[in-house]
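Have a look at the structure below before the remarks.
Atom set for the values below is all heavy atoms of this structure, side chains included, hydrogens, waters and symmetry mates excluded.
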Amino acid sequence: MTALEIPCYAFTVRHASRHLSQFYERLIGGSGIHGQQFTVLAIINKKGPLTLMELAGELALDRTTLTRSLSPLERDGLLSITSSENDRRVKIIAITDHGREKLEEALEMWRKAQAEFESRFGVERAARLREELRAAADAVAC
């Protein structure tokens, strides 16, 4: 049995995820941000400032992993991380103007990646895949 024949849903999703992530990294890498950084910036840009816990929930990541992921974005001036006025232990994550500019640059590359994936996989099939993956995540969410 080859690795691709292992009848495990988790393995199959991780395997596909690695390939898709590498595909997107190749196509948006010229923007200077990575795939997960793109996702973080896009979420914060759309939803506005979020607490660390809210952002961790959106990304299904634990706080420690997320904090490590945010450090380069803060260092590069793409995000600001401040303490809440009400509770200094609560961290607020916001996108900066520089972060919005970098996101706009990456969005053009991301749109091309989306179009390329859809041309290879099929538009309707890609939409069904996205729906099914969301449903699978919802089915096992804690």
Side-chain angles (χ1 to χ4, degrees), residues 1-84 86-87 89-142:
M1 176 181 304
T2 67
L4 290 177
E5 296 170 347
I6 295 173
C8 175
Y9 300 111
F11 168 79
T12 303
V13 168
R14 280 193 307 272
H15 186 262
S17 175
R18 282 191 294 273
H19 283 285
L20 280 167
S21 294
Q22 291 167 4
F23 171 79
Y24 274 79
E25 291 290 339
R26 278 193 315 272
L27 295 176
I28 70 168
S31 69
I33 59 173
H34 301 290
Q36 185 169 1
Q37 293 173 327
F38 172 85
T39 302
V40 167
L41 291 172
I43 288 171
I44 295 171
N45 189 57
K46 181 175 182 167
K47 296 196 169 214
L50 296 171
T51 66
L52 185 63
M53 292 304 293
E54 290 168 336
L55 184 57
E58 289 285 331
L59 295 167
L61 290 174
D62 64 82
R63 277 183 34 191
T64 303
T65 301
L66 179 57
T67 300
R68 281 193 307 269
S69 297
L70 294 177
S71 293
L73 293 169
E74 181 183 31
R75 178 198 65 219
D76 295 343
L78 305 175
L79 292 178
S80 66
I81 303 174
T82 57
S83 296
S84 167
N86 300 333
D87 185 345
R89 295 170 296 176
V90 175
K91 301 299 179 196
I92 308 294
I93 317 301
I95 192 167
T96 63
D97 290 340
H98 180 56
R100 277 189 196 84
E101 291 169 9
K102 189 59 84 170
L103 178 60
E104 282 300 317
E105 179 184 336
L107 270 169
E108 289 303 312
M109 296 173 188
W110 175 82
R111 286 183 186 106
K112 289 177 184 174
Q114 290 282 97
E116 176 70 20
F117 177 73
E118 288 174 344
S119 78
R120 292 182 186 195
F121 195 70
V123 174
E124 291 176 14
R125 201 169 158 206
R128 283 194 313 272
L129 174 65
R130 199 172 41 248
E131 289 172 20
E132 290 298 326
L133 289 170
R134 285 183 183 136
D138 290 344
V140 296
C142 300

Considering all heavy atoms, the nearest Ala126-Glu118 contact: CB-CG, 4.1 Å
Nearest-0.5 Å distance, CG of residue Leu41 to CD1 of residue Ile93: 11.5 Å
Per the ring-ring contact (aromatic ring centres under 6.0 Å, His included) rule, what does the pair list look like for residues 41-79, sequence neighbours excluded? none
To the closest 0.5 Å, what do you measure between CD (Glu58) and CD1 (Ile44)? 10.0 Å
Minimal heavy-atom distance between Ile33 and Ala106, with the atoms involved, is CD1-CB, 3.7 Å
Side chains of Leu20 and Phe121 in contact at under 4.5 Å (non-hydrogen atoms): no
For the student: nearest non-hydrogen atoms of Gln37 and His34, plus distance: OE1-N, 2.8 Å
So, does Asp62 use its side chain to make a donor-acceptor pair with the main chain of Thr64 at under 3.5 Å? yes
Just how far is it from atom CD of Glu101 to atom OG1 of Thr96, taken to the nearest 0.5 Å? 8.0 Å
Over all atoms of both residues, closest heavy-atom pair of Glu25 and Gly35: OE2-N, 2.7 Å
Is there side-chain contact between Leu55 and Leu70, with heavy atoms separated by less than 4.5 Å? yes
Taking all atoms of both residues into account, what is the closest heavy-atom pair of Ile95 and Leu79, and its distance? CA-CD2, 3.8 Å
Which heavy-atom pair separates Ala113 from Phe23 by the least distance, and what is that distance? O-CE2, 3.5 Å
Between Arg120 and Glu116, does any side-chain N to carboxylate O distance fall below 4.0 Å? yes
Nearest-0.5 Å distance, CD of residue Glu74 to OG of residue Ser69: 13.0 Å
I need the Phe38 CZ to Leu78 CG distance, nearest 0.5 Å. 13.0 Å
Start with the C-alpha distance between Met109 and Tyr24, add both sets of side-chain angles, then the distance that settles side-chain contact (heavy atoms from CB on, under 4.5 Å), and finish with yes or no. CA-CA 9 Å; Met109 296 173 188; Tyr24 274 79; over 6 Å; no
When you compare the side chain of Ile43 with that of Leu50, does any pair of heavy atoms fall below 4.5 Å? yes
Run the salt bridge (Lys or Arg N to Asp or Glu O under 4.0 Å) test on Glu131 and Arg128 for me, step by step, so that the C-alpha distance in whole Å, both residues' side-chain angles and the decisive distance to 0.1 Å come before the verdict. CA-CA 5 Å; Glu131 289 172 20; Arg128 283 194 313 272; over 6 Å; no
Under the side-chain contact (heavy atoms from CB on, under 4.5 Å) rule, what do Thr65 and Arg68 come out as? Steps first, then yes or no, please. CA-CA 5 Å; Thr65 301; Arg68 281 193 307 269; 3.6 Å; yes
Does CZ belonging to Arg89 count more than 12 external heavy atoms closer than 6.0 Å? no
Please evaluate residues Leu66 and Arg63 with respect to the criterion side-chain contact (heavy atoms from CB on, under 4.5 Å), reporting the C-alpha separation (whole Å), side-chain torsions for both, the decisive distance (0.1 Å), and the verdict. CA-CA 5 Å; Leu66 179 57; Arg63 277 183 34 191; 5.7 Å; no
Starting at CG of Leu73, measure out to CD1 of Ile81 and round the result to the nearest 0.5 Å. 8.0 Å
Holding to side chain to side chain donor-acceptor pair (under 3.5 Å), I want the full list of residues that pass it with Glu54, two or more places apart in sequence or in another chain. Thr51
Donor-acceptor list for residues 132-142 side chains, cut-off 3.5 Å, not counting sequence neighbours:
none

After noting the C-alpha distance and the side-chain angles of Trp110 and Leu27, does the key distance pass the side-chain contact (heavy atoms from CB on, under 4.5 Å) rule? CA-CA 7 Å; Trp110 175 82; Leu27 295 176; over 6 Å; no
For the pair Ser84 (side chain) and Lys91 (backbone), establish whether a donor and an acceptor sit closer than 3.5 Å, ignoring hydrogens and angles. no
